[in-house]
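First comes the structure, then the notes that go with it.
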Amino acid sequence: MYWDLATGKSLASNPYEFNDEIYYDGEFKSQEVFEKEYPFDVRKDGVNDRDNEYNGGHPYYSASTLPGIGSGSNKNLPYIACQFMYWEIVWKEAMKSKHGDIILVDLVNYEQAKGLTSETQANVIPSSTKKSLSFSPPTVMNTEKIIPPYKGIYSVHYKASNGKWAHSDIEYRQLSLEYHDDSKTGSGNGPHNVHYFHLSSWQNRQAVDPEKLQFLINEVDKKFTGQTIIVNCEFGGGRTGVFIEAREMYRATVKAKSTKWFFSSSDDPIQEYTKELRKKRSKMIDSFPQYEFLHIWAARMWAMTARDNINAKPGPAGNPSGQGRHPPKP
């Protein structure tokens, strides 16, 4: 069941187009069966009619908290996947975080997304040329009446950026985020540091250059101290899902110096993890090229792990520790 959290009313159906390209096993005979099994866990729409307006700070979004590999329960949900990126989500996570800094991975190809949204990167992310942006609460059209429950103003400020990287379509910006609320409940607090990463060239519903993805994951991990990672693309499903699964595979194999994950399922561990993600967000990994890419990525992880194990120490009887095992087929 889908709910409009602003009104508490149920929605008749998921407004997203059903895509059965990847559901090759025939498990779901209809969109209705699919949506009943795999709902979104968060849906919010505070300004969704022609009489209201917003400036980008509090628009419609859908977001889901997602598990990592081996999370096993809802107690460990290291990711938030969301449709585009809105500072309300980032702020709420910052308020809960015990680690201080927030990591935001933006996978929107803003050039390609022109037909889907009026938002541009310059409208939502401050830069060296436009160092501060503010987002005020939504108001009733042609009035200054604020639409409840919104009341505060989010301010985002540019602090620094990366130097020249090998991949020019990947960038990093260090930002700070503040929230100001002049109501009786207080004046807000902050600032919170935000580590913003953006891969600009990734096309919707397509695979990505593995070298670029590896570089991005490595840079994100340099800033990672245990906090939730917020990942977004146009719909928060395809590219977002690929990044999350690819990073989790990397951490479960190469970073852990172990091949155990490859044998963690009697069938396909990628399929198993994809199903776990879809239990929280129904359209994760929304095209065959992306699903195929994850298997190619898994073979890459196998090769990297086996190489590191061979270089690290000998196995029984002098054989390399990874010898005798076979990687998953791409």
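FYI, side chains are in, hydrogens and waters are out, and symmetry mates aren't considered; it's all heavy atoms of this structure. Throughout, numbering of the chain's residues begins at 1 and tracks the sequence.
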(message) For the aromatic rings, using the six-membered ring if either is Trp, is the centroid distance between His192 and Tyr179 under 6.0 Å?
(response) no

(request) Would you mind telling me which of Ile170, Asp209, Val220 makes a side chain to side chain contact (heavy atoms under 4.5 Å, CB included) with Phe215? (result) Ile170

(request) Enter the distance from Arg247:CZ to Tyr79:OH here, rounded to the nearest 0.5 Å. (result) 4.0 Å

(request) Verify the ring-centre separation between Trp297 and Tyr250: is it less than 6.0 angstrom? (result) no

(request) Would you check if Trp202 and Lys212 make a side-chain contact, meaning some heavy-atom pair closer than 4.5 Å? (result) no

(message) Quick check: closest heavy atoms across Phe293 and Val208, and the distance to 0.1 Å?
(response) CE1-O, 3.2 Å

(request) Compare all side-chain heavy atoms of Val105 with those of Asn232 and state whether any distance is below 4.5 angstrom. (result) no

(request) Mind telling me whether Trp87 and Phe135 have parallel, tilted or perpendicular rings, with 30° and 60° as the class edges? (result) tilted

(message) Is any side-chain heavy atom of Arg173 closer than 4.5 Å to one of His195?
(response) no

(request) Indicate yes or no: at least one non-hydrogen side-chain atom of Ile80 is less than 4.5 angstrom from one of Ile229. (result) no

(request) Starting at CG of Leu199, measure out to NE2 of His167 and round the result to the nearest 0.5 Å. (result) 9.5 Å

(request) Check the pair Tyr154, His180 against ring pair (Phe, Tyr, Trp, His ring centres under 6.0 Å), reporting the backbone distance first and the verdict last. (result) CA-CA 7 Å; Tyr154 296 98; His180 306 280; 9.4 Å; no

(message) I'd like to know if the side chain of Gln290 and the backbone of Gln206 have a donor-acceptor N/O pair within less than 3.5 Å.
(response) yes

(message) Restricting to non-hydrogen atoms, name the atom on Val90 and the atom on Leu104 that form the minimum distance, rounded to 0.1 Å.
(response) CG2-CD2, 4.5 Å

(message) Students often mix this up, so state it plainly: with edges at 30° and 60°, are the rings of His295 and Tyr291 parallel, tilted or perpendicular?
(response) perpendicular

(request) Measure the shortest side-chain to side-chain distance between Leu133 and Ser155 over non-hydrogen atoms and say whether it is less than 4.5 angstrom. (result) no

(message) Between Ile69 and Tyr273, is there a side-chain heavy-atom distance shorter than 4.5 Å?
(response) yes

(message) With rounding to the nearest 0.5 angstrom, report the NZ to CG distance, Lys255 to Asn218.
(response) 7.5 Å

(message) Less than 4.5 Å apart, side chain to side chain, heavy atoms only: is that true for Ile244 and Thr240?
(response) yes

